[in-house]
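Every value quoted in this text rests on a predicted model; they were computed, and no experiment measured them. Labels below follow one simple rule: chain letters A, B, ... track the order of the sequence lines, proteins then strands, and each chain is numbered from 1.
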Amino acid sequence: MIRGIKGIKDITPDEMPKWSVVERTAHALAHAFGFQEIRIPVFEKTDLYVHSIGGTTDIVEKEMYTFPDKAGTSLTLRPEGTAGVVRAFIERGLKTYQSSRKLYYIGPMFRHERPQAGRLRQFHQFGVEFVGSAEPSADVEVMTLLWRFFSSLQLPGLSLELNSLGVLTDRQAYKTELVAFLKTKVHLLCENCRRRLDANALRALDCKVPHCREATKDAPYLTDFLSPSSKDHFDRVLQGLQALAIPYSINPRLVRGLDYYSMTTFEVSCSALGAQNAIGAGGRYDGLFETLGGVPTPAVGFAIGLDRVILALPESTVPAPDPWVFVASFGEKGRPAGLSLLDSLRLDQVKADTDYNASTLKTLLHSADRLEAPYVVILGDDEVTNNQVILRNMATKEQEIHPLNTASSAILAHLRFRQTRRNID
RNA sequence: GUGGGUGUAGCUCAGUUGGUUAGAGCGCCGGAUUGUGGUUCCGGAGGUCGCGGGUUCAAUUCCCGUCACUCACCCCA
């Protein structure tokens with residue numbers, strides 16, 4: 001037997017109702033906020049990711065699915081969405097149409113990590129990119145969409161944390177101070193953090209090793225090094241969130257793992273989730289367009305891990321399936337009459353099905369029961385002779401008789417009535 | 001990449017201090033019920049005990065290796 005690949009899951013029909021609500025909510029909210037969908041390739045030239053995500057990040061150093069094509073070009077399965085969107089944006093000249101443009105995407109991403117709860121090698125993200133505005137309102141709008149998405153799905157135990165990394169010169173000034181501070185504590189740091197001193201000192205703040213936390217407890221705060229304009233931007237972002245009553249907390253240690261972030265960064269975690277509890281995160285990336293060869297363009301966005309959303313999704317968020325009817329037709333005359341009734345129901349947009357392997361009323365009802373059909377149409381030779389059908393409510397066992405020639409519309413009315421009642425309830 | 005846990009029926013799991021035909025619940029199939037399902041009763045099918053090697057008179061059980069799954073570290077969504 002050939003098995004699937006480690007860390008790569010099938011989404012089975014049983015799980016699809018959850019995915020449908022989640023994806024429907026993503027599309028609906030993104031549209032409501034004025035974002036347009038974009039579909040970008042699932043693989044790109046490796047250089048795109050190396051240059052955007054950063055050569056010293058874990059993603060680029062050890063997590064990418066990279067392979068040469070037949071011409072020898074190094075290609076990589078996308079580990080995240082922003083780089084591809086920005087590449088498409090520059091390459092297709094999407095910026096020329098408007099002063100700012102808002103895009104979103106939904107699709108699979110790939111990272112070669114050790115799988116565990118909430119971490120897969122192929123996972124799915126819903127992401128948005130608000131391109132072309134440096135206004136704090138853009139940051140606020142993106143975070144609002146993020147927060148509204150989670151709350152409309154009723155995810156429990158959420159918290160939004162944010163921080164400002166400032167502009168490049170802010171970070172450089174801070175970095176000098178931080179490295180000087182860390183060097184006084186170097187004997188207390190873990191091996192990983194010692195390496196970070198040279199490569200990426202900010203990441204030491206994010207270290208989870210307890211004695212590192214202790215050692216960096218009194219480290220200088222990046223927020224104290226923000227230039228007046230960076231600080232003003234951050235303050236206005238906070239004010240915007242307050243005005244919309246979006247709860248947040250400031251986490252001065254929040255440092256994102258991708259190199260392209262600047263200014264605002266944020267992360268939503270979900271306490272219902274276990275170790276991999278980051279469910280959505282993002283930030284501003286004003287320098288990325290320039291890095292990738294475009295004109296300097298401010299932008300802010302987020303990515304949400306949909307597989308993690310599914311894990312945390314409460315049962316109550318998934319709507320009950322639409323009512324439908326099972327056609328139980330049997331006998332020499334009943335069977336063909338049932339087939340044409342099936343067809344007219346379907347033409348009327350009523351979900352209708354049967355079981356071709358069952359031929360007696362008993363086995364047909366048994367099938368209907370296993371398929372959890374709320375209604376069954378009983379149509380045997382006797383009914384055809386009397387030009388009628390029996391509509392059986394499987395829960396109450398009530399049966400009604402309808403004329404055969406108008407059966408389809410009678411059933412339609414019945415199901416519609418039931419559906420409206422359910423929506424009112 | 002590093003560590004821990006677990007692999008027995010389709011599913012969830014017992015069990016064997018090493019000993020003849022390896023069990024339960026659920027599910028599945030048939031019958032009681034030849035035009036009325038989900039309840040009940042009766043019967044039935046289904047297992048290389050992950051794979052390979054070792055110890056032993058004898059291994060599903062003990063040992064070693066290996067693979068898979070899983071949780072955690074790391075990292076991230």
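- Note on A:Lys333: nothing from the nucleic acid sits closer than 4.0 angstrom, heavy atoms only.
- Atom CZ of A:Phe181 is surrounded by more than 12 heavy atoms from other residues, nucleotides or ligands within 6.0 Å.
- Put simply, CD1 on A:Ile5 is 11 Å from P on B:rC69, counting in whole angstrom units.
- No engagement by A:Ile59 is indicated, since no non-hydrogen atom pair under 4.0 Å with the nucleic acid exists.
- Put simply, CG on A:Asn357 is 15 Å from C1' on B:rC28, counting in whole angstrom units.
- Side-chain N or O atoms of A:Arg308 include one that pairs as donor or acceptor with a backbone N or O of A:Ala278 at under 3.5 Å.
- Separating the P atom of B:rG27 from that of B:rU48 is a span of 24 Å, rounded to the nearest Å.
- Of the possible donor and acceptor atoms, one in the side chain of A:Thr176 sits under 3.5 Å from a partner among the backbone N and O of A:Gln172.
- To the nearest whole angstrom, the two P atoms, one in B:rG3 and one in B:rU12, are 28 Å apart.
- Between A:Lys62 and the phosphate of B:rU2, there is no side-chain N or O to OP1/OP2 separation shorter than 4.0 Å.
- Residue A:Gly118 is in base contact, counting any heavy-atom pair closer than 4.0 Å across all strands shown.
- The closest donor-acceptor contact from the side chain of A:Arg101 to the backbone of A:Val131 lies at 3.5 Å or more, if one exists at all.
- Here the options are A:Tyr105, A:Tyr261, A:Phe126, the test is ring pair (Phe, Tyr, Trp, His ring centres under 6.0 Å), and the partner is A:Phe302; only A:Phe126 passes.
- When the side-chain nitrogen and oxygen atoms of A:Lys362 are compared with OP1 and OP2 of B:rU33, none of them lie within a distance under 4.0 Å.
- Looking at A:Glu63, its side chain has no donor and acceptor atom pair within 3.5 Å of the base of B:rG1.
- Along RNA chain B, the nucleotide closest to A:Gly274 and the one closest to A:Ala303 are compared, and the more 5′ of them pairs with A:Gly274.
- Comparing the P positions of B:rG50 and B:rA9 gives an interatomic distance of 8 Å, to the nearest angstrom.
- At whole-Å resolution of the value, CD in A:Glu161 and P in B:rC76 are 15 Å apart.
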How does RNA chain B read in dot-bracket, base by base from 5' to 3', with Watson-Crick or G-U pairs under 3.5 Å and | used when the partner is on another strand? (((((((..((((.....[...)))).(((((.......))))).....(((((..]....))))))))))))....
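- B:rG10 and B:rC73: their C1' atoms are spaced 35 Å apart (whole Å).
- One C1' atom belongs to B:rC13, the other to B:rA22, and the distance between them is 14 Å to the nearest Å.
- Taking atom CZ of A:Phe110 as the reference point, atom C1' of B:rA77 lies 14 Å away to the nearest angstrom.
- Within the 4.0 angstrom heavy-atom criterion, no nucleotide atom of any strand lies near A:Leu273.
- Protein atom CG of A:Leu379 is 16 Å distant from nucleotide atom P of B:rU36, rounded to whole Å.
- Remark: aromatic rings of A:Phe35 and A:Tyr104 are distant, center separation not under 6.0 Å.
- Counting distance only, with no hydrogens placed and no angle test, the side-chain atoms of A:Arg370 and the base atoms of B:rG37 include no donor-acceptor pair under 3.5 Å.
- Atom CG in A:Asp381 sits roughly 17 Å away from atom P in B:rU34 (whole-Å rounding).
- Note on A:Phe302: nothing from the nucleic acid sits closer than 4.0 angstrom, heavy atoms only.
- Here the separation of B:rA24 from B:rC42, taken at their P atoms, is 14 Å to the nearest Å.
- Each of B:rA77, B:rU36, B:rC29 was ranked by its minimum atom distance to the side chain of A:His366; first place goes to B:rC29.
- Here A:Phe123 lies parallel enough and close enough to stack on the base of B:rA77, with planes under 30° and ring centres under 5.5 Å apart.
- For A:Arg308 against B:rC76, a side-chain N or O and a base N or O form a donor-acceptor pair under 3.5 Å.
- With hydrogens and angles left out, the side chain of A:Gln116 and the base of B:rC74 share a donor-acceptor pair within 3.5 Å.
- Residue A:Asp369 has its side chain nearest to B:rG37 when only B:rG35, B:rG37, B:rA77 are considered.
- Using a cut-off of 4.0 Å between Lys/Arg side-chain N and Asp/Glu carboxylate O, A:Asp47 and A:Lys45 are scored as not salt-bridged.
- A:Glu383 comes within contact range of at least one nucleobase, with a heavy-atom separation under 4.0 Å.
- A:Lys6 places its NZ atom 13 Å from the C1' atom of B:rC71, with the value rounded to the nearest Å.
- In the set B:rG37, B:rG1, B:rG35, B:rG35 carries the atom at the smallest distance from any side-chain atom of A:Asp382.
- Look at CG on A:Asp259: it is 10 Å from P on B:rC76, rounded to the nearest Å.
- Using atom C1' as the reference point in both B:rC41 and B:rU33, the two lie 12 Å apart (nearest Å).
- The A:Ile390 side chain lies nearest to B:rG35 when the options are B:rG35, B:rC69, B:rC73.
- Remark: of the listed residues A:Asn163, A:Leu165, A:Asp286, A:Val237, A:Asp286 is the sole one forming a side-chain contact (heavy atoms from CB on, under 4.5 Å) with A:Met263.
- A:Ile279 comes within 4.0 angstrom of the backbone, heavy atoms only, and of no base.
- Taking atom C1' on both B:rU70 and B:rG54, the two are 28 Å apart, rounded to the nearest angstrom.
- Remark: A:Glu113 engages A:Arg119 in a salt bridge (Lys or Arg N to Asp or Glu O under 4.0 Å) (not counting sequence neighbours).
- In terms of modelled atom types and a separation under 3.5 Å, the side chain of A:Asp369 and the main chain of A:Leu365 share no donor-acceptor contact.
- Residue A:Ala117 places its side chain closer to B:rC71 than to any other of B:rC76, B:rC71, B:rU36.
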